[in-house]
Amino acid sequence: DLLQGKEGKMISYVNNRQGLAYEKKSDALSTTALAEKALPYPSGIVPLGGVVCTAQIDVQHDRFSVTIHAHGRHDQMWLVHWIELYGDVKNPSAPVWNALENMLRTRLPYLQADSTIRIPLSNISMDVSDGTMSEILYRWILLMASHPTAPLQITATKGWNETGFVHEIYEAPKNSSAKGRKDSLAKNYGITIFMVGTQKGKAEVHRRLAFNSDTVASRIYYPSDVREDYFAQLMSAILDNTGKGKKAYVKKPGSRDEALDCTVLAIHAAKRLYLHLWSEAQWGYAEQSLLATQAAEPELLDSTYNLSGAR
């Protein structure tokens, strides 16, 4: 039974006969193993190989959890930033909203000697699943899109509420998928909701993290100076039985999972941009376009937050 993922009898035996708390088996990597795979590039810099950059925003009532990833050939992905911006998120006039906007407008420096390349974000994803924040988030998304000189296009996302591996990580939005008051509200605001297959997304994150030194394609890299809690959050979901022989990823009790959720959104963004289908000619063209725009506009920095991700 254990080989088939059925732990019921073993749980009963350990709990009732041995008087011990049964510890579920996990396919998750250890945080130590993940930390040992970190690469020696600094946070805030796009490593060599990164060409397209995307941002992901997980909304909490007291903070924004933000990741920025660089994407390259063969589905490779590098973490550039893992930052939390603290403030009164429920107040649209709070300084934390300005800090978020300024961060998203900041072009990212490229890790190359004497390079003046600054890479803008090609996609910004925001999780709008919190129903208590819907109107605030939708209004801000519209505000960013209506900027008179430099509009920001924000992709509104929600995770499917699923107990199995039903939905693909990325699925093109369909009108029929908008059901219930929350999605009706989005429709009233003219907001398109992109649904995310979170179960397959978490499975894909775990698969990519389990790379070995001989693997190049579909890897997730991260800098050696990343905040220590990043690894625990990546491993915050475990594959567990949900009944009737089905399994799903469930959050570990008491854990935080914003980094994992943002990483799933990064993979979703790459698929939305169809980066996995790009030809070598398309990657080459993208790189040449960066070289042609080295004289980028000045970076927009805000002193209310630290790009090193110290918070």
Whether [X] side chain and [Y] backbone form a donor-acceptor pair below 3.5 Å:
X      : Y      : value
Ser236 : Ala232 : no
Glu258 : Gln233 : no
Glu101 : Asn98  : no
His81  : Ile83  : no
Trp97  : Val89  : yes
Ser279 : Gln282 : yes

Any side-chain heavy-atom pair from [X] and [Y] closer than 4.5 angstrom?
X      : Y      : result
Phe231 : Thr32  : no
Arg207 : Ser218 : yes
Ile141 : Val128 : yes
Met235 : Leu34  : yes
Arg105 : Leu152 : yes
Glu135 : Leu185 : yes
Met195 : Ile193 : yes
Ile68  : Met103 : yes

Taking NZ, NE, NH1 and NH2 as the nitrogens, is one of them in [X] or [Y] under 4.0 Å from a carboxylate oxygen of the other?
X      : Y      : answer
Lys90  : Asp88  : no
Lys200 : Glu171 : no
Arg208 : Asp75  : yes

Out of curiosity, [X] [atom1] to [Y] [atom2], how far, rounded to the nearest 0.5 Å?
X      : Y      : atom1 : atom2 : result
Glu168 : Trp160 : CD    : CH2   : 12.0 Å
His74  : Arg219 : NE2   : CZ    : 12.0 Å
Met77  : Thr54  : CE    : OG1   : 7.5 Å
Thr31  : Tyr230 : OG1   : OH    : 13.0 Å
Leu29  : Lys37  : CG    : NZ    : 5.5 Å
Leu108 : Leu121 : CG    : CG    : 5.5 Å

Task: Residue that, paired with Met126, satisfies side-chain contact (heavy atoms from CB on, under 4.5 Å) out of Leu104, Val66, Thr157, Val59 - done: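 Checked Leu104, Val66, Thr157, Val59 against Met126; only one passes side-chain contact (heavy atoms from CB on, under 4.5 Å): Val59.
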If you measure only the distance, is there a donor-acceptor pair under 3.5 Å linking the side chains of [X] and [Y]?
X      : Y      : result
Gln56  : Asp58  : no
Arg118 : Tyr110 : no
Asp130 : His61  : yes

Shortest non-hydrogen contact from [X] to [Y]?
X      : Y      : value
Pro151 : Ala145 : CB-O, 3.3 Å
Leu79  : Pro223 : O-CD, 3.5 Å
Ala203 : Phe165 : CB-CE2, 4.0 Å
Ile191 : Ala156 : CG2-CB, 3.7 Å
Asp127 : Ser129 : OD1-OG, 2.6 Å

Task: Residue list, ring pair (Phe, Tyr, Trp, His ring centres under 6.0 Å) with Phe194, at least two apart or on another chain - done: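 If we apply the ring pair (Phe, Tyr, Trp, His ring centres under 6.0 Å) test to Phe194, skipping adjacent residues, there are no hits.
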Task: Set of residues satisfying side chain to side chain contact (heavy atoms under 4.5 Å, CB included) with respect to Val166, sequence neighbours excluded - done: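 Scan of Val166 (side chain to side chain contact (heavy atoms under 4.5 Å, CB included), adjacent residues dropped) gives Glu162.
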Open item on the list: With a 6.0 Å cut-off (strictly less than), is the heavy-atom count around CD of Glu280, excluding the residue itself, greater than 12?
Closed with: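 Count over threshold, so yes.
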Task: Tyr189, OH: over 12 other non-hydrogen atoms inside 6.0 angstrom - done: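 Yes - once you tally the heavy atoms of other residues, nucleotides and ligands closer than 6.0 Å, there are more than 12.
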Open item on the list: With a 6.0 Å cut-off on the ring centroids, do Trp82 and Tyr222 count as close?
Closed with: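 So the answer is no for these two rings.
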Open item on the list: Check for me, please, whether Leu48 and Val51 land in the same ILVMFWY cluster - side-chain distances under 4.5 Å, paths through other members count.
Closed with: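 In one cluster: yes.
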Let me check something: any side-chain donor-acceptor pairs from residues 260-276 under 3.5 Å, sequence neighbours excluded? List them with distances.
from   : atom 1 : to     : atom 2 : distance (Å)
Thr263 : OG1    : Ala259 : O      : 2.7
Arg272 : NH1    : Asn123 : OD1    : 2.8
Arg272 : NH1    : Thr155 : OG1    : 2.7

